[in-house]
Each structure stands twice: as C-alpha cells, then as structure tokens.
A.B. asks: 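Have a look at this one.
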Amino acid sequence: MKADPTVCVFGEDVGHYGGSYKVTKGLAEMFGDLRVLDTPIAENSFTGMGVGAAMKGLRPVVEGMNMGFLLLAYNQISNNCGMLHYTSGGQFKIPIVIRGPGGVGRQLGAEHSQRLESYFQSIPGLQMAACSTPYNAKGLMKAAIRSENPVVLFEHVLLYNLKEKIPDEEYVLCLEEAEMVRPGEHVTILTYSRMRYHVMQAAKTLVNKGYDPEVIDIRSLKPFDLHTIGNSIKKTHRVLIVEECMRTGGIGASLRSAIIDNFWDYLDAPIMCLSSQDVPTPYAAPLEDATVVQPAQIVAAVEQICQ
C-alpha cells in the first residue's frame, strides 16, 4: 500500500478494529478511512464494489470476515470477477484479491468451518492460492495484489498464530508454483494449508518406520503446478493427496484427475486421497476431529501405498 496508491482494502471491521483476526491492524491509521474502508455487513455489496473499483483502475483487497460469508457474494465472484475480462472483450481487467479466514477451526460450528476451495475452483477466470506459513502468506499476498487477474487467497483460521522470521528484503512468490517442503524417494504427498502440518507430523513417524516421503505444499490451487508435481511423481511413482477440503468434488478430486491425465504411466500404485468427511463440521471437539484427516491416517495410508 505504501508502494502503490491504487491498493485499497474493503471489508467488515477491517479499519480501526484491525480485522477480526487483526490482519489489517494499524492500516487505517497509516492510510486513512478511504483506503481502508469499513463496510456494512453486506458481502455481495462490498464485493461488487470491489469489482467496480478494479474495473476503474484500483487494486482492491476484499476481506471476507469468514470465507463462508463470501457465499453471499458468489454471484459477484463468479459472474463479475471471473468473467468481466472475457465478456468485455478484454476492455476491463479485474485485479482484485479476495481473501479471508476459512477451514475447520476449533469448535466454530458448521457455518464458520467452511472449506470453500471446491466452490470456487470451477469458476473460469479465477486464480486460487492457499498460504500455509508467514513467509508464503506475505509472498503470495504480494503476488496476488500485483496480478492482473482476480485471485482468491485462502488463509486458515488456525494458522494466524504461527511465527516465522521474514526476510527484510523485498520478495514476491509465484502464484503458480508449489513448494517442495521435504524431498524424499518413496512416495509423493501433496497437501496445502493447515494439512501441511499434519503431514509433516506424520512424516516424522514415517521416517522412524523407514519410509522417505516427499512432501509438496501445492499452494497454487488453480492452476496446479504440474511441473513440480510431475517431477516428483516420476521419482517416487506413488501419490498421496491430503486435504481439508471435502472429498466429493474437492481439490483432491481435481488434482487426482490431473495426475491421471498427465502422469498415468509413471504410477506404480493407485492414487490415494485423504479428505474431510462430507458432513457439516460438528461443534463437539471429538466429532470435529473425526471429520478431518489426522496424522495417524496419513501414516497408515503411506504404509498401504508402499506395500
């Protein structure tokens, strides 16, 4: 925002309150109420306003206080964000970022535990990315703001408390690149967002059992980085996908299809996909845990694949 006066922020409580998770803390004092605009509780209205602002040359960052609330703006995101560049014959660009907390929190209930990646992945014209560390959250956010395309950036509600040393020098990550988290030889584990940490917890157990998993944080949910993913599959010949998204029509289903289409000949075992249960997320903690993939399930799946 210091470097580019066209960047602005819209959303509920993003101003002097600093956002529900304090992502925009201090910005209102630095840039004023016009560039950090508190909006009414009307997601369809302020998302549509963001699209209009992008059409007129601004670079708005629209926050959904919870990603589940952005279902109220689904028309603006699909029919407007995703399609206006095409339907205007290229006359309009829509450089908008739509971001906010999502995923299964700790007893937030069904309506506040939405995993909406699968809802948005089929919209033509949108890019999607999911951050998992402070380092890639900053790098992906910078890339998303600079992009000429509309970008949906998924942040996980349980990852805001992570701390990491960030470089002082300027850096911007590529929106279309996956991250190699752990090189390995025996199996490729593809994951993103909070599940990265469940996978790495499982990886410690797997190493003790004699396995050498390769872990990739796909980060780019649309498009997939098939170059990085493919090179890994050509080495390990086995794939496990671990996601918090729903099993039916989720990111894992799309990723599995892409792998079969492009790397079928390199597979020595069926692709396994561990996903959340196709149920509304329960409030009770034991039931909530039962709907989401746990590290022990990841260990068991790798042992099965590598038999």
A.B. asks: In Å and rounded to the nearest 0.5 Å, what is the CD1 to OG1 distance from I145 to T6?
C.D. replies: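 Answer for the CD1-OG1 pair, I145 versus T6, is 9.5 Å.
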A.B. asks: Does P223 offer a backbone N or O that forms a donor-acceptor pair with the side chain of S220 under 3.5 Å?
C.D. replies: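 Yes: the side chain of S220 pairs with the backbone of P223.
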A.B. asks: Taking atom types as modelled and ignoring hydrogens, do the side chains of Y160 and E155 form a donor-acceptor contact shorter than 3.5 angstrom?
C.D. replies: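 Yes, side-chain donor-acceptor contact under 3.5 Å.
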A.B. asks: Would you say that more than 12 heavy atoms from the other residues, nucleotides or ligands in this model lie under 6.0 Å from the OH of Y119, or not?
C.D. replies: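 No.
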A.B. asks: Quick one: does I251's side chain get under 4.5 Å of I218's, heavy atoms only?
C.D. replies: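 Yes, side chains in contact.
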A.B. asks: Closest approach of T47 and E43, non-hydrogen atoms and distance?
C.D. replies: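 Here T47 and E43 meet closest at OG1-O, 2.7 Å.
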A.B. asks: Donor-acceptor pair, H85 side chain versus I94 backbone, under 3.5 Å?
C.D. replies: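 Absent.
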A.B. asks: How long is the straight-line distance from NZ of K235 back to NE2 of H186, given to the nearest 0.5 Å?
C.D. replies: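 H186 NE2 to K235 NZ: 11.0 Å, rounded to 0.5 Å.
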A.B. asks: Is there a side chain to side chain contact (heavy atoms under 4.5 Å, CB included) between E244 and V104? Walk through the geometry before answering.
C.D. replies: CA-CA 8 Å; E244 199 179 87; V104 177; 3.8 Å; yes
A.B. asks: Using modelled atom types and a 3.5 Å cut-off, is there a donor and acceptor pairing between side-chain atoms of K93 and backbone atoms of E148?
C.D. replies: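 Answer holds: no.
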A.B. asks: Any luck finding a side-chain donor-acceptor pair between T228 and D225 under 3.5 Å?
C.D. replies: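 Yes, D225 and T228 have a side-chain donor paired with an acceptor closer than 3.5 Å.
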A.B. asks: Hey, does the side chain of S147 reach the backbone of N149 with a donor-acceptor pair shorter than 3.5 angstrom?
C.D. replies: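 Yes: the side chain of S147 pairs with the backbone of N149.
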A.B. asks: Would I96 and M1 show up in the same hydrophobic cluster when neighbours are defined by side-chain heavy atoms closer than 4.5 Å?
C.D. replies: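 In one cluster: no.
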A.B. asks: Is there a side-chain contact between L190 and L240, using heavy atoms and a 4.5 Å cut-off?
C.D. replies: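 Answer no - side chains too far apart.
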A.B. asks: Whether the side chain of R182 engages the backbone of P213 through a donor-acceptor N/O pair (distance < 3.5 Å, no angle test) should be reported.
C.D. replies: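 The answer is yes, because a donor-acceptor pair under 3.5 Å joins these two groups.
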A.B. asks: At their closest point, which heavy atom of D38 faces which heavy atom of G15, and how far apart are they?
C.D. replies: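 Taking every non-hydrogen atom into account, OD1-N, 2.7 Å.
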A.B. asks: Please tell me if the side chains of V207 and D212 come closer than 4.5 Å, counting only heavy atoms from C-beta onward.
C.D. replies: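 No, too far: nothing below the 4.5 Å cut-off.
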A.B. asks: Counting N and O atoms only, with roles assigned by atom type, does the side chain of S88 sit under 3.5 Å from a partner on the main chain of F92, one being a donor and the other an acceptor?
C.D. replies: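 Between the backbone of F92 and the side chain of S88 there is a qualifying donor-acceptor contact (under 3.5 Å).
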A.B. asks: Counting neighbours of NE2 on H227 that are heavy atoms of other residues, nucleotides or ligands and sit closer than 6.0 Å, is the number greater than 12?
C.D. replies: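 For H227, atom NE2 is not crowded (no more than 12 foreign heavy atoms under 6.0 Å).
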A.B. asks: If you group Ile, Leu, Val, Met, Phe, Trp and Tyr by side-chain heavy-atom gaps below 4.5 Å, do M200 and I298 land in one group?
C.D. replies: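 Linked, M200 and I298 end up in one cluster.
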A.B. asks: Report the C-alpha separation of R146 and E170 in whole Å, then their side-chain angles, then the decisive distance to 0.1 Å, and conclude whether the salt bridge (charged side-chain N to carboxylate O under 4.0 Å, His left out) test is met.
C.D. replies: CA-CA 14 Å; R146 287 160 170 76; E170 174 79 0; 3.0 Å; yes
A.B. asks: Closest approach of L162 and S132, non-hydrogen atoms and distance?
C.D. replies: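 The pair with the smallest heavy-atom distance is CD1-O, 3.6 Å.
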A.B. asks: Does the side chain of Q76 come under 3.5 Å of the side chain of N44 through a donor N or O and an acceptor N or O?
C.D. replies: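 Side chains of Q76 and N44: no pair found under 3.5 Å.
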A.B. asks: For residues Q127 and P150, determine if any side-chain heavy atom of one lies less than 4.5 Å from a side-chain heavy atom of the other.
C.D. replies: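 No, side chains not in contact.
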A.B. asks: List the steps, then state whether ring-ring contact (aromatic ring centres under 6.0 Å, His included) holds for F69 with H112.
C.D. replies: CA-CA 8 Å; F69 304 158; H112 288 68; 5.3 Å; yes
A.B. asks: Please check this pair: side chain of R35 against backbone of V9, looking for a donor-acceptor N/O pair closer than 3.5 Å.
C.D. replies: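 Judged by distance alone, no pair lies under 3.5 Å.
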A.B. asks: What heavy-atom pair brings S275 and M246 nearest, and what distance separates the two atoms?
C.D. replies: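 That would be CB-C, 4.0 Å.
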A.B. asks: Can you confirm whether more than 12 heavy atoms, excluding those of E111, are under 6.0 Å from its CD atom?
C.D. replies: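 Check fails, neighbour count at 12 or below.
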A.B. asks: Report yes or no: does N136 contribute a side-chain atom to a donor-acceptor pair with the main-chain N or O of T133 at less than 3.5 Å?
C.D. replies: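 Yes; at least one donor-acceptor contact below 3.5 Å.
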A.B. asks: Rounded at 0.5 Å granularity, tell me how far CZ in F154 sits from CZ in R99.
C.D. replies: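 Output value for this atom pair is 12.5 Å.
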A.B. asks: Which word best sums up how the rings of Y74 and F120 line up, parallel for under 30°, tilted for 30 to 60°, or perpendicular for over 60°?
C.D. replies: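 Answer is parallel, since the angle falls under 30°.
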A.B. asks: With a 4.5 Å limit on heavy-atom distance, are the side chains of V151 and L126 in contact?
C.D. replies: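 No, every pair of side-chain atoms sits at 4.5 Å or beyond.
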A.B. asks: Using modelled atom types only, decide if a donor and an acceptor are shared between the side chain of T291 and the backbone of Q277 within a distance under 3.5 Å.
C.D. replies: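 Such a contact is absent between T291 side chain and Q277 backbone.
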A.B. asks: Can you measure from NZ (K22) to OH (Y17) and round to the nearest 0.5 angstrom?
C.D. replies: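 Spacing of NZ (K22) from OH (Y17) equals 4.0 Å.
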A.B. asks: Between V293 and H198, what is the shortest heavy-atom contact and its length?
C.D. replies: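 Nearest heavy atoms, V293 then H198: O-ND1, 2.9 Å.
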A.B. asks: Grab the two heavy atoms, one from V157 and one from Y21, that are nearest each other, plus how far apart they are.
C.D. replies: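 Heavy atoms only, the tightest pair is CG2-OH, 3.0 Å.
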A.B. asks: Side-chain contact, heavy-atom cut-off 4.5 Å: Y192 with C131?
C.D. replies: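 No - every pair of side-chain heavy atoms lies 4.5 Å or more apart.
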A.B. asks: If we ignore hydrogens and angles and just use 3.5 Å, is the side chain of E12 paired with the main-chain N or O of M65 as donor and acceptor?
C.D. replies: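 Checking the backbone N and O of M65 against the side chain of E12, no donor-acceptor pair under 3.5 Å is found.
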A.B. asks: Calculate, to the nearest 0.5 Å, the distance between atoms OG1 and CD belonging to T281 and E288 respectively.
C.D. replies: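 Those atoms lie 6.5 Å apart.
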A.B. asks: I'd like to check V62 versus V97 (side-chain heavy atoms, cut-off strictly below 4.5 Å). Are they in contact?
C.D. replies: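 When only atoms from C-beta onward are counted, V97 and V62 do not touch, as no gap falls below 4.5 Å.
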A.B. asks: Any side-chain heavy atom of V152 sitting closer than 4.5 Å to one from M67?
C.D. replies: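 Touching, per the 4.5 Å side-chain cut-off.
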A.B. asks: Would you indicate whether Y197, at its atom OH, is surrounded by more than 12 heavy atoms from other residues, nucleotides or ligands within a distance under 6.0 Å?
C.D. replies: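 Yes.
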A.B. asks: How long is the straight-line distance from CD1 of I259 back to CG of L267, given to the nearest 0.5 Å?
C.D. replies: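 It is 7.5 Å, given to the nearest 0.5 Å.
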A.B. asks: Do we see a donor-acceptor contact under 3.5 Å between the side chains of Q121 and S254?
C.D. replies: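 There is such a pair between these side chains.
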